[in-house]
Amino acid sequence: MEYQNILVETRGAVGWIQLNRPEAMNALSMALVSEVGQAIEAFQADDEVGAMVITGNEKAFAAGADIKDMEGQDFIDLFLADFPYNRRDGWDSLNTARKPIIAAVSGFALGGGCEMAMACDFILAADTARFGQPEINIGTIPGAGGTQRLTRAVGKAKAMEMCLTGRMMDAEEAERAGLVSRILPAEELEAEALKVAGKIAKMSRPAVYMAKEAVNVAFESSLQEGLRFERRAFASTFATEDQKEGMNAFVEKRKPDFKHR
Ligand code: CAA
């Protein structure tokens, strides 16, 4: 597959996707988003790949939807196209991938860029990372999950302030607020993202899928429903060969060799 807006490669068992429109701060044109969707689908279908990373460059993860593309559009254009980033555009591949996707963020993650990072399973941030929903500065509001995912991640006070003023959060604040899992020196981000994704890829794939699904259920159900889901998923891992291997390996004081079965 030839991509024009992203760089895609397999690094060991990790599917690596780099947003690559440096001239536009990796603004998320429809073509770019569609390519990200295609790359995710290809990695999801590739048995050799166990986890994915989406990253940008040192200046920007992505500075949002492409404002130059949107500028001339009116309500009816957006409404009929179900813009931004609907199922047909590839964005759903990000939401529905079963393999974990890590966002490795350096520099700006703004607007749709922050939304794309938040749609990943977790965010590793460089110390240079800056997160924001600055749509209010250009007379609009977040449209790809910003008001919803940011609020769930950092709570109402910070999300409201950021959406109403366009204020950006630096990496330290983002970590304190729970938006990112960890901060790394910028020069170590890529290696660490690869290491973490590689570690996940070696785990039992059925267990990884179940863990991801169970954590996500926490966002969409009551505590009782979530606990019930988790209990059933936990029991079902005991139907896998990998659970036998994992527990045998522990008892025999050796490393497990998961077959993803
Ligand atoms: N869309 C299109 N082009 C963009 C862009 C965007 N979102 N962000 C940056 N660019 C382009 C700039 O126009 C500029 O291009 P030219 O060289 O051709 O002029 C180039 O990238 C470099 O940008 P700057 O010169 O502005 O770089 P800077 O270092 O001075 O500032 C920045 C960096 C703070 C990220 C600034 O570019 C910026 O504020 N960008 C827009 C951020 C924004 O408003 N994002 C929200 C978009 S709307 C959205 O995302 C809706 C949604 O929810 C889906």
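Note that ligands are numbered from 1 as they come in the structure, with each ligand's atoms numbered from 1 the same way. Since the structure is predicted, the reported quantities are computational estimates derived from the model, not experimental observations.
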Quiz item: So, do Ile17 and Thr55 sit near enough that their side-chain heavy atoms are less than 4.5 Å apart?
Solution: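 Ile17 vs Thr55: side chains apart.
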Quiz item: Tell me, do Ile102 and Cys120 make a side-chain contact under 4.5 Å, heavy atoms counted?
Solution: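 No, their side chains stay 4.5 Å or more apart.
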Quiz item: Is it true that the side chains of Gln243 and Thr240 contain a donor and an acceptor less than 3.5 Å apart?
Solution: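 There is no such pair (donor and acceptor under 3.5 Å, judged by atom type) between the side chains of Gln243 and Thr240.
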Quiz item: To the nearest 0.5 Å, what is the distance between OG (Ser29) and CD1 (Ile67)?
Solution: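 Result: 13.0 Å between the selected atoms.
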Self-check item: Interatomic spacing from CG in Leu124 to NZ in Lys195 - rounded to 0.5 Å
Solution: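 Result: 11.5 Å between the selected atoms.
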Ligand 1 polar-atom proximity to protein (N/O, under 3.5 Å):
from: ligand 1; atom 1: 1 (N); to: Ala65; atom 2: O; distance (Å): 3.4
from: ligand 1; atom 1: 1 (N); to: Ile67; atom 2: N; distance (Å): 2.9
from: ligand 1; atom 1: 7 (N); to: Ala63; atom 2: O; distance (Å): 3.0
from: ligand 1; atom 1: 7 (N); to: Ala65; atom 2: O; distance (Å): 2.9
from: ligand 1; atom 1: 13 (O); to: Lys68; atom 2: NZ; distance (Å): 3.0
from: ligand 1; atom 1: 15 (O); to: Lys68; atom 2: NZ; distance (Å): 3.3
from: ligand 1; atom 1: 18 (O); to: Lys68; atom 2: NZ; distance (Å): 3.4
from: ligand 1; atom 1: 45 (N); to: Ala63; atom 2: O; distance (Å): 2.9
from: ligand 1; atom 1: 50 (O); to: Ala65; atom 2: N; distance (Å): 2.9
from: ligand 1; atom 1: 50 (O); to: Gly112; atom 2: N; distance (Å): 2.8
from: ligand 1; atom 1: 53 (O); to: Glu115; atom 2: OE1; distance (Å): 2.7
from: ligand 1; atom 1: 53 (O); to: Glu115; atom 2: OE2; distance (Å): 3.4
from: ligand 1; atom 1: 53 (O); to: Glu135; atom 2: OE2; distance (Å): 2.9
from: ligand 1; atom 1: 53 (O); to: Gly143; atom 2: N; distance (Å): 2.9

Report all side-chain donor-acceptor pairs from residues 147-158 shorter than 3.5 Å, counting only partners two or more places apart or in another chain.
from: Arg149; atom 1: NH2; to: Asn95; atom 2: OD1; distance (Å): 3.2
from: Thr151; atom 1: OG1; to: Thr147; atom 2: O; distance (Å): 2.4
from: Lys158; atom 1: NZ; to: Glu173; atom 2: OE2; distance (Å): 2.7

